[in-house]
Amino acid sequence: MKLPRFTTTLAFRISSLFLLMLFISGGGFWWWLNGTSLTGDMAAEEEAWYASKAETELDSLAAQMSLSFEDSEAMTQEAMNFGRDINRYSAEIIVFDGEGLNVFSSQPDSLSLAVASVNPQLMYDMSSGIWDYGTYPLPEDVDAYENRVFEVDRLFQNNDTASPVIGYLVASYRPATISLGDIETAERKIGLNAIFLLLIYSGISGLVIMVWTTRRISILGQGVEAFATGDFQARVPGTSGDEIGSLGRNFNHMARNIETMMEKLRDKEQFQRNLIANISHDLRTPMASMRGYVETLSMQGDTLSTVDRERYLAIINGNLVHLDKLIDHMLVLSRFDSGQATFQMEDFPLVELADSVLMRCEGLAAERNISLDIELEGTESLVHADPLQIAQVLQNLIENGIKFNQDNGKVLVGLKTVGDLMEVSVKDSGMGIAAEDLPHIFKRFYTADKSRTRAVDGTGFAAVQDHLGQSSGLGLAIASKIVAGHNSMLQVTSVLGTGTTFSFSLKTASTIEAMDQEA
Ligand code: ADP
């Protein structure tokens with residue numbers, strides 16, 4: 001048999017288990033309490049006695065007492081024995097003599113003892129056999145027995161019904177005497193009701209709590225399920241401070257992390273696709289150019305003039321240099337990406353390093369009569385850095401300053417000690433970078449839009465066009481990574497048509513010493 005789906009829910013299982021436990025414990029308790037009080041069987045037996053046996057038994061007792069009436073001790077004994085027997089039916093017997101005087105009561109604590117005598121005529125009438133017990137007492141005759149009397153039998157001398165009446169045997173439901181037992185019974189009843197109500201109340205409240213709790217878990221489950229099926233934006237409500245709330249918050253936290261990771265993976269994938277496209281493009285362009293010139297040289301070698309041949313060879317050489325540099329840059333970047341790039345930190349004079357880089361770039365600058373200068377502000381101090389890597393940064397920045405400059409332009413390397421830092425800047429009087437390109441120039445393979453470059457063409461930047469073919473868009477990416485490795489940031493300010501300044505800072509040697517000492 002297939003059970004309905006809701007029967008497999010946690011809410012249903014917990015609720016059923018709870019109700020079962022409640023039922024078992026409540027029922028057990030109920031049974032135990034009832035077992036210690038009057039049972040239903042007893043009540044039924046009592047009813048049967050009143051209905052069928054009481055009259056016969058009382059008649060025969062009356063007959064017997066009629067015989068022993070004179071012997072008060074024997075009579076009392078009989079009455080007492082019978083009284084003890086019917087005690088369990090909550091009945092008592094009282095004996096009055098012919099004058100209506102109370103001579104015996106089977107219940108010593110009975111209120112009947114307070115009634116010393118009754119009207120013998122009334123007793124006589126009540127024992128007539130046609131008396132309607134339902135009509136007695138009259139409102140004005142209310143006494144201790146009230147309507148408790150259910151049978152009155154006459155007693156005769158030697159049981160001779162023709163002789164005068166010598167007494168009356170009265171059977172009554174036992175008058176209500178307030179005893180400890182009564183109180184206990186009453187309390188037990190109240191207790192039973194209270195327990196019953198308490199069970200119902202705790203059952204209902206338990207169910208409400210469980211439905212509420214499991215509802216929250218199921219909301220949590222829906223969120224997790226949505227996330228698991230691919231909705232990475234799915235979140236669960238986690239505002240409360242309890243365990244379920246904290247579970248929700250932790251899930252949201254985890255979901256956020258996974259979402260970010262997925263985005264990064266997607267970006268990385270996209271990046272790698274672009275990278276391969278860029279690399280193939282950047283390699284293919286110089287290769288195609290070289291192949292063209294090599295073919296020309298091999299096919300028309302004999303007919304070419306020496307000047308042309310040398311020019312072609314120079315172009316091939318330029319392309320080879322560019323390819324060499326491109327591959328070199330890519331290797332450096334891949335070392336950074338794989339975390340293999342290491343920094344050999346040492347204290348050295350930056351002015352001297354900058355000077356040597358400038359000297360290396362002199363040839364390139366001289367081609368277009370660009371002046372290279374160095375300016376030192378403040379005291380000359382040592383910096384704590386990797387000299388080879390910083391030389392690479394300076395070279396990339398200075399070469400860019402030359403490449404994107406106008407003929408007769410300037411490139412100025414500024415060094416300024418400010419506090420514990422040495423601020424380094426490379427400023428050129430070049431074409432500048434358009435505002436829309438600025439946020440992207442540090443990305444690898446990014447080269448500024450050629451149309452924007454052309455916009456400033458004709459104002460002395462013609463030579464720039466030659467260099468654009470040689471751009472790889474990797475120089476600044478490498479420089480910014482090296483600077484970041486020195487806990488600084490490569491920054492840029494630029495005015496289109498006027499010039500660009502790149503800057504970063506390095507810790508001076510004394511700062512590092514001070515830090516070492518503190519450590
Ligand atoms: P590359 O110089 O090989 O093109 P870079 O990463 O060094 O690669 O530079 C990226 C781009 O940033 C350059 O193509 C150029 O458009 C722009 N750029 C860099 N430096 C300068 C500069 N000093 N003046 C103007 N534009 C520059």
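Whatever order the structure lists them in is the order used to number ligands and atoms, beginning at 1.
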Short list, please: which atoms of ligand 1 are under 4.0 Å from a heavy atom of [X]?
X      : result
Lys403 : 1 (P), 2 (O), 3 (O)
Tyr446 : 10 (C), 11 (C)
Gly475 : 5 (P), 6 (O), 7 (O), 8 (O)
Gly432 : 25 (C)
Leu474 : 6 (O), 8 (O)

Record the part of [X] in heavy-atom contact with ligand 1 below 4.0 Å; permitted values are side chain, backbone, both and neither.
X      : value
Leu476 : both
Phe502 : side chain
Glu399 : neither
Ile433 : side chain

Report yes or no: does [X] have a heavy atom closer than 4.0 Å to ligand 1?
X      : result
Gly430 : no
Gly499 : no
Asn396 : no
Arg444 : no

Taking every non-hydrogen atom, the tightest pair across Ser289 and Ile315:
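Minimum heavy-atom contact is OG-CG2, 4.3 Å.
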
Phe18 and Gly203 have their tightest heavy-atom pair at CE2-O, 3.7 Å

Using a 3.5 Å cut-off on N or O atoms only, is Ala477 in polar contact with ligand 1?
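So ligand 1 has no N or O lying under 3.5 Å from an N or O of Ala477.
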
Are any of the N or O atoms of Thr447 closer than 3.5 Å to those of ligand 1?
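No: no nitrogen or oxygen of Thr447 is under 3.5 Å from one in ligand 1.
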
Aromatic ring pairing Phe336/Phe343, orientation class (parallel under 30°, perpendicular over 60°, tilted between)
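Ring orientation, 0 to 90° scale: tilted.
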
Given salt bridge (charged side-chain N to carboxylate O under 4.0 Å, His left out), test Glu399 with Lys325 step by step and report yes or no.
CA-CA 13 Å; Glu399 274 180 7; Lys325 195 170 162 191; 2.8 Å; yes

Thinking salt bridges, do Arg216 and Glu243 make one under a 4.0 Å N-O criterion?
no

If you draw a 6.0 Å radius around CD in Glu346, do more than 12 non-hydrogen atoms from other residues or ligands fall strictly inside?
yes

Taking atom 1 (P) of ligand 1 as the point of reference, which of Ala434, Ser494, Gly473 owns the nearest heavy atom?
Gly473

Test Arg368 against every option in Asp407, Asn405, Asn408 by the side-chain hydrogen bond (donor to acceptor under 3.5 Å, both in side chains) rule and name the one that passes.
Asp407

For a side-chain hydrogen bond (donor to acceptor under 3.5 Å, both in side chains) check, start with the C-alpha distance between Ser494 and Thr500, then their side-chain angles and the critical distance, and finish with the verdict.
CA-CA 4 Å; Ser494 187; Thr500 307; 2.9 Å; yes

Let me have the donor-acceptor pairs involving side chains of residues 350-360, under 3.5 Å, with sequence neighbours excluded, atom names and distances please.
| from | atom 1 | to | atom 2 | distance (Å) |
| --- | --- | --- | --- | --- |
| Ser356 | OG | Leu353 | O | 2.8 |
| Arg360 | NH1 | Gln395 | OE1 | 2.6 |

Can you name the side chain to side chain contact (heavy atoms under 4.5 Å, CB included) partners of Thr493, sequence neighbours left out?
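In terms of side chain to side chain contact (heavy atoms under 4.5 Å, CB included), with neighbours along the sequence ignored, Thr493 is linked to Thr501.
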
